[in-house]
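One-based numbering, in listed order, for ligands and for the atoms of each.
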Amino acid sequence: MKQLLKTYFGYDEFRPLQEEVIDSVMQGKDTFVLMPTGGGKSLCYQLPALKFDGLTLVISPLIALMKDQVDALKTNGIAAEYINSSLLPAEIQQIQQKIITKEVKILYVAPERLALGSFQRFLKTVNIKLIAVDEAHCISEWGHDFRPDYCNLRLLKSQFPKVPIIALTATATSKVREDIIKQLSLDDHKSFISSFDRENLAMIITRKKRAFDKLLKLVQKHKNEPTIIYCFSRKDTEKIAMNLQMEGFDALPYHAGLNNESRKKNQELFIKDEVPIIVATIAFGMGIDKPDVRLVVHYTFPKTIEGYYQEIGRAGRDGLPSECVLFYSYGDVRKHEFFIDQMEDVIEQEKCREKLNQIVGYCEAVTCRRKYVLKYFGEEYSFLSVDGKENKKGCEACDICLNPNALFDATEITQKILSCVIRTGSRFGRNYVADVLLGKSSQQIVENMHCDLSVFGIAQDLNKDEINHIIRALITSGFLQVSSDQYHTVSVAKKGAQFLKQKESLELPKMREDSEDQRESSSRRKIEYDFDLFEKLRVLRKQIADKNSVPPFMIFSDVSLQEMSCYFPVDKNNFAKIEGVGAKKLESFSDAFLTVINKHIKENNIQPVEIPNRNQKRIRDIRSSSAFSERYIKTKEMLSQKLPIVEIANKQGFKYGTIVNHIEKLISNGEEVDIDYLKPSKERLEKIKTAFEKCGDEKLKPIFVFLNEELSYDEIRLGKLFWK
Ligand code: ADP
Ligand code: MG
Ligand code: ZN
């Protein structure tokens, strides 16, 4: 299977659970697979399909996607076809003929096709080895994407009792899961449920203040990278797309109000990398499988965590670091509340309110976002690294973990807020409570005679935002509770009452201003590569894609281009080792890419890096940083040969300082490196020591000054290693 994986898909390793699922399918078992978007579900039936000496039938709900999937398989040299209503009868005839002559391995069909008697009769004559039901949740009325046509699939088991079925989905509550299994009659099946964590997605929440400026910064940061911006209304999508255009960004709107043709065109332009930004209502995304979306922005507030997680799931399917930013404003939440308050069906209303509260809770949580979301989906997230050893500081890719806030002593203000809630009779919303604390003499407050209370105006040292922040923090941490009716009245919860009684002290996180100057998110997972070459390869990819009329990502993924720009393969042999290069793509595209790579390295005098033979056991997380660690290993080798730093630097085409970086990193990772031969003279080391003892070791500048600028920064850093 590994061999087939490389030959046909160009990948060296399986993603989590793929191998196990494939095993189950190969054993002829019915199989159920729940994996997040981008988890790599397709491979679970495509790879077995290559092994079987018959046909694999794939049922997939979206006609638009079918063509893409088949095109992608064909570029990998796999005999795949689809049959749906977009084809002419003659074309269908032709494909059926090819199936009869066993020239097709994988056939995609839409569910409604199965209801046609003629098609059923045709299938009976075919040697079907496996049936894959993709997006299997569409069969369940309990799910959110129910499709009546999927009910045709109930008969599959009785029509093809000997053929194993694999059902795959990214979204299924346990109820939907059971429903799928029941409807498809997967009586004796194996289930595979993978983690819902998408570790390459940075989950960022930011206040919706000066929102458009913030948006500009984000799209600037991700310039030319595929971006989806989700908005609430059609009007918003038009407006924001236009405003972005005026700022010089290529952006197009997408919503249900556009006519079919423009919708199709805009989507196509996005998929083909002609236009990087789509501003859309949530209608967008269903029909696309673009793997290299690098930024997803929720410009307005999502209604549910499920929806939100599905939408951000469209980012980074290829596993590369991608960013998901949600603009949070209480005003937007109020808009949703307003709609919910108008609902007539009380049960439905209750449900929506609950869902909304959950996503508000997510935004106001002061703990790791990832932990929160995964917990919502019933999964416990731990801050242990993949190998279970290192204890990370948080998930390293959410706004909370990236900038842990300072805490402040909130004892007094909490007492004030809780007593204000009690004194005003636990009958009001948080806005009202805040106004009383701020001493606002609004008409309602005056009428209620709340200006006479001792708590009136006792928090005037804070502004409304700050008080609101604290009230919300008290709600999320369970000191206050909010009623679930439309009045959202606040009252003191058990924990709050206890706090008042026991006179404990309390620390809360400070209000985070903006996450604008956030540390670079998930930088740890980026690989080091030559950006100029990457750009050149992107251009080439686009040209080839256009010539073949397929989207660029079908030629090579960003991962492949990054590896090429990191290892600089100069011949076919090395090119074949790049991730995503299978036999067919090697044959079709290597010449064109090698020409550009060779030209680039000649012009820039770059030494190609030997591509490591991949260690079978390497884990994903390490894989993405492998290029980086290769260089460390090189440095380590040369250190053991006792080469001077200057020489090590020259050999690898790096600066002196970079090698010092490598040494620091190697040592901090606990690698054994012998650097004794690099020790500065006794006299120098003495000086450096004195300087560190005098100035502390936090910053290098004071040391540099203290030493009369006689030693370079790099020398100081090196010296520090010996002083330590
Ligand atoms: P899903 O259907 O679960 O959302 P896909 O099957 O569309 O996911 O796969 C998502 C992306 O991951 C695709 O670009 C696919 O080529 C890639 N992929 C799948 N399996 C692997 C693997 N073992 N190694 C590297 N990339 C993979
Ligand atoms: Mg899929
Ligand atoms: Zn986190």
Could you tell me whether ligand 1 has any atom less than 4.0 Å away from a heavy atom of P36? yes

Close side-chain approach of C363 and L326, heavy atoms under 4.5 Å: yes

Would you call F192 and Q18 a side-chain contact if the rule is heavy atoms closer than 4.5 Å? no

With a 4.0 Å cut-off on heavy atoms, is D318 in contact with ligand 1? no

Answer yes when K221 and E323 have at least one side-chain N-carboxylate O distance shorter than 4.0 Å, and no when they do not. yes

May I ask you to check whether S86 and N84 show a side-chain donor-acceptor distance below 3.5 Å? yes

What atoms of ligand 1 come closer than 4.0 angstrom to any heavy atom of R317? 4 (O), 10 (C), 11 (C), 12 (O)

Looking only at the side chains, is there a donor atom on one of D179 and S140 sitting less than 3.5 Å from an acceptor on the other? yes

Could you tell me whether G38 and ligand 1 have an N or O pair separated by under 3.5 Å? yes

Of the protein N/O/S atoms, how many lie under 2.8 Å from the Zn ion (ligand 3): 4

Can you confirm whether the side chains of R314 and Y230 place a donor and an acceptor under 3.5 Å from each other? yes

For ligand 1, which atoms, with element, lie under 4.0 Å from some heavy atom of E13? 22 (C), 23 (N), 24 (N)

Could you establish whether G39 and ligand 1 come within less than 4.0 Å of each other, counting only heavy atoms on the residue side? yes

Verify the neighbour count for atom CD of Q27: are there more than 12 heavy atoms of other residues, nucleotides or ligands below 6.0 Å? yes

Is D558 salt-bridged to R541, going by a charged N under 4.0 Å from an acidic O? yes

Min N/O separation T37 to ligand 1 under 3.5 Å: no

Please could you name the atoms of ligand 1 that E579 approaches to less than 4.0 Å, counting only its heavy atoms? 25 (C)

Under 3.5 Å between any N/O of P291 and any N/O of ligand 1: does that happen in this structure? no

Scan side-chain atoms only and decide if E135 and S60 contain a donor-acceptor pair under the 3.5 Å cut-off. no

Do K214 and T206 have a side chain donor and acceptor closer than 3.5 Å? yes

Under a heavy-atom criterion of less than 4.0 Å, does M35 contact ligand 1? no

